[in-house]
Novice: 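Below: one structure in structure tokens.
Numbers restart at 1 for each chain; the letters A, B, ... are given by sequence-line order, proteins then strands. All values reported here derive from a predicted model rather than from experimental measurement.
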Protein chains: 2
Amino acid sequence: MNNAHQIQTSVDPVIFTVFDMKLHILLVKRNIEPYKDCWALPGGLVDEKLDQDLHSAALRKLKEKTNVTTHYLEQVETLGSASRDPRGWSVTVVYFALVTVPEENLSAAHGASEVRWEEVGKNGVAVPLAFDHEKLVKAAVERLRAKVSYTTVAAGLLAEPFTFLDLQNIHEIILNRKVEKKSLMRRYESSELLTEVNETRKEGRMRPAKLYRLKDRETVHYFVRTMEGPR
Amino acid sequence: MNNAHQIQTSVDPVIFTVFDMKLHILLVKRNIEPYKDCWALPGGLVDEKLDQDLHSAALRKLKEKTNVTTHYLEQVETLGSASRDPRGWSVTVVYFALVTVPEENLSAAHGASEVRWEEVGKNGVAVPLAFDHEKLVKAAVERLRAKVSYTTVAAGLLAEPFTFLDLQNIHEIILNRKVEKKSLMRRYESSELLTEVNETRKEGRMRPAKLYRLKDRETVHYFVRTMEGPR
DNA sequence: CATTTAAGAGTCAATGTGACACTATATTAA
DNA sequence: TTAATATAGTGTCACATTGACTCTTAAATG
């Protein structure tokens, strides 16, 4: 029972952002074997010295690859088996993080020769990923979609201030379907999470939209019911 | 990065059952340090040789402590930190399992000097637990309650055949509140998960209740809406 | 000042819910 | 044979929330 075991423990954050009206995740190109030159999640081994706990290990990985800060980091699931890494038994804890649209860009440091935002389509990303990372991404996307359909987490992705249309777009992009304007508005009204600011217009000669900020970027409101989708 | 690290990896199943109209979980008394003679979850280290993956590691732990089989095993969350075990960095993957009411009883083998079913009250169990196991139990109970309020998992706890009242009781015991008969009936009807069998009566001189079986013990039906509780 | 066009408020049928009243039925006692 | 009993199971309804749709509002432009 007291065998000094050799199970590798890592964290794999799936970092989401939205730009160009598409959902994206952050990938890094591996520069060591196994799966050298293959795209992978920006994860890595938990460091006994550096990391107090799993959550901060995930935050550290996040910081190493991007300059942006997260308003949301949630554990998704943990996969562990003898076969998922050719080097032997390994366990990885999958997280998903939401970051606002990146302006200054990525730091291709820390063992990653390349870093990039990859579009998430209907069936995950278009490139093959190392290890079982496609499965991890799938799980994270499912969780994100579920969460967005019954909470206000998606609002955290927006740069402030934002219009209601921005909010609606974020939901539609992540859920990959139309969302009823009025329905979403009602939900955010009852969440009491938005504060109005001033005004602006988006395109030429139309009525300007109100601008909002979040009262508290840390708070996530749960809708009384999940968004049901089209009838 | 390639430091041979020493993170201990374990699984901790929270095994639920219902008898005497109360929710219970299985605990074992530790017979080694640390926390010797303290009650704990029936978990243990993942064994690289024995276990193919985390799920089967949890099943193995379950089998070592009870003779019953599970119809439901679900991963809850993973906790890992430098401080949760005095011996150093450790990670544990928490599962929750549902088993039918135990008849032949527990095997107090495998490093546990004592095994027992402990009642789960409003605030978890009444005895202090080793490590952070109270937190793990709390997380598992929350997840169980959530799941029971929007799925048919609870039905898996019943020995077949069962009456509708049995089903209602199971829900009420786990959720720790009254559940509307008609509301629950509607949900199970639309789940199309029950098959009628014959008849029986429970107490003396009243109308006998129909007996049911589950069409498929593996299938879990998701209700269209969460049970909302009293108005 | 009329026109344009999206913002955003109003309205409504459909759905599912909790609550509670009501009916059905096997057993037992008269 | 029949009435009483007590739980099993069904009927009904007000209420809340939803998706869908329509209507009003308002700044900017020409």
Novice: CG of B/Leu165 versus C1' of D/dA6: gap in Å, rounded?
Specialist: 13 Å
Novice: Starting at NZ of A/Lys181 and ending at C1' of D/dA20, how long is that distance when rounded to a whole Å?
Specialist: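 After rounding, the reported distance stands at 12 Å.
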Novice: Restricting to side chain to side chain contact (heavy atoms under 4.5 Å, CB included), what partner residues turn up for A/Arg177, sequence neighbours left out?
Specialist: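 In terms of side chain to side chain contact (heavy atoms under 4.5 Å, CB included), with neighbours along the sequence ignored, A/Arg177 is linked to A/Leu175, A/Val179, A/Met227, A/Pro230.
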Novice: Taking only residues at least two apart or on different chains, which pairs with a member in residues 218-231 of chain B satisfy side-chain hydrogen bond (donor to acceptor under 3.5 Å, both in side chains)?
Specialist: B/Asp216-B/Thr219
Novice: Using a cutoff of under 3.5 Å, can you pull out all pairs of nitrogen or oxygen atoms linking the protein to nucleotides 16-18 of chain C, with atom names and distances?
Specialist:
| residue | atom | partner | partner atom | Å |
| --- | --- | --- | --- | --- |
| C/dG16 | O4' | B/Arg225 | NH2 | 2.9 |
| C/dT17 | OP1 | B/Arg187 | NH1 | 3.4 |
| C/dT17 | OP1 | B/Arg187 | NH2 | 3.4 |
| C/dT17 | O2 | B/Arg231 | NH2 | 3.4 |
| C/dG18 | OP1 | B/Glu228 | N | 2.9 |
| C/dG18 | OP2 | B/Ser183 | OG | 2.1 |
| C/dG18 | O4' | B/Arg231 | NH1 | 3.3 |
| C/dG18 | O3' | B/Arg231 | N | 3.4 |
| C/dG18 | N7 | B/Arg186 | NH2 | 2.6 |
| C/dG18 | O6 | B/Arg186 | NH1 | 3.3 |

Novice: Taking atom C1' of C/dA7 as reference, at what distance in whole Å does atom CD of A/Glu189 sit?
Specialist: 13 Å
Novice: Rounded to whole angstroms, how far apart are CD on A/Glu196 and C1' on C/dA7?
Specialist: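 These atoms are roughly 12 Å apart.
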Novice: Which part of the nucleic acid does A/Lys210 contact within heavy-atom distance under 4.0 Å: base, sugar-phosphate only, or nothing?
Specialist: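 Since only primed, P, OP1 and OP2 atoms lie under 4.0 Å of A/Lys210, the category is sugar-phosphate.
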Novice: Provide, to the nearest angstrom, the distance between the CG atom belonging to A/Leu175 and the P atom belonging to D/dG19.
Specialist: 11 Å
Novice: What residues form a side chain to side chain contact (heavy atoms under 4.5 Å, CB included) with B/Asp51, not counting sequence neighbours?
Specialist: A/Trp89, B/Val46, B/Asp47, B/Ala57, B/Arg60
Novice: If the condition is side chain to side chain donor-acceptor pair (under 3.5 Å), which residues does A/Ser190 pass it with, not counting sequence neighbours?
Specialist: none
Novice: Considering residues at least two apart in sequence or located in another chain, which fulfil the ring pair (Phe, Tyr, Trp, His ring centres under 6.0 Å) criterion with B/His24?
Specialist: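 Applying ring pair (Phe, Tyr, Trp, His ring centres under 6.0 Å) to B/His24 gives B/Phe19.
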Novice: Looking only at the side chains, is there a donor atom on one of A/Ser10 and A/Thr92 sitting less than 3.5 Å from an acceptor on the other?
Specialist: yes
Novice: Rounded to the nearest Å, what distance is computed from the CE atom of residue A/Met185 to the P atom of nucleotide C/dG10?
Specialist: 11 Å
Novice: Residues two or more places apart in sequence or in another chain: which of them pass side chain to side chain donor-acceptor pair (under 3.5 Å) with B/Tyr188?
Specialist: B/His171
Novice: Would you kindly check whether a donor in the side chain of A/Lys182 faces an acceptor in the base of C/dG10, or vice versa, at under 3.5 angstrom?
Specialist: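 Counting by modelled atom types and ignoring angles, a donor-acceptor contact under 3.5 Å is found here.
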Novice: Can you list every pair that meets salt bridge (charged side-chain N to carboxylate O under 4.0 Å, His left out) and has a residue in residues 124-135 of chain B, with sequence neighbours left out?
Specialist: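 Only B/Arg84-B/Asp132 qualify under salt bridge (charged side-chain N to carboxylate O under 4.0 Å, His left out).
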Novice: For B/Gln168, which contact category applies under a 4.0 Å heavy-atom criterion: base, sugar-phosphate, or nothing?
Specialist: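 Here B/Gln168 touches no strand at all.
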Novice: Atom CG of B/Leu211 to atom C1' of C/dA26: distance rounded to whole Å?
Specialist: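 Roughly 14 Å, once rounded to whole Å.
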Novice: Tell me: OH of A/Tyr150 to C1' of D/dT18, nearest whole Å?
Specialist: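 Rounded to the whole Å, the gap is 19 Å.
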Novice: Could you give the distance from CD1 (A/Ile25) to CZ (A/Phe96), rounded to the nearest 0.5 Å?
Specialist: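 Going from the CD1 atom of A/Ile25 to the CZ atom of A/Phe96 covers 13.0 Å.
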Novice: Using C1' atoms of five pairs at each end, report the bend of the helix from C/dC1-D/dG30 to C/dA30-D/dT1 rounded to 10 degrees.
Specialist: 20°
Novice: With B/Glu180, which residues qualify under side chain to side chain contact (heavy atoms under 4.5 Å, CB included), at least two apart?
Specialist: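 If we apply the side chain to side chain contact (heavy atoms under 4.5 Å, CB included) test to B/Glu180, skipping adjacent residues, the hits are B/Ser183.
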Novice: Who are the side chain to side chain donor-acceptor pair (under 3.5 Å) partners of A/Glu172, not counting sequence neighbours?
Specialist: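 For A/Glu172 the side chain to side chain donor-acceptor pair (under 3.5 Å) partners, ignoring immediate neighbours, are A/Gln168.
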Novice: Kindly give the atom pairs (protein nitrogen or oxygen, nucleotide nitrogen or oxygen) under 3.5 Å for nucleotides 25-27 of chain D.
Specialist:
| residue | atom | partner | partner atom | Å |
| --- | --- | --- | --- | --- |
| D/dT25 | O2 | A/Arg207 | NH1 | 2.5 |

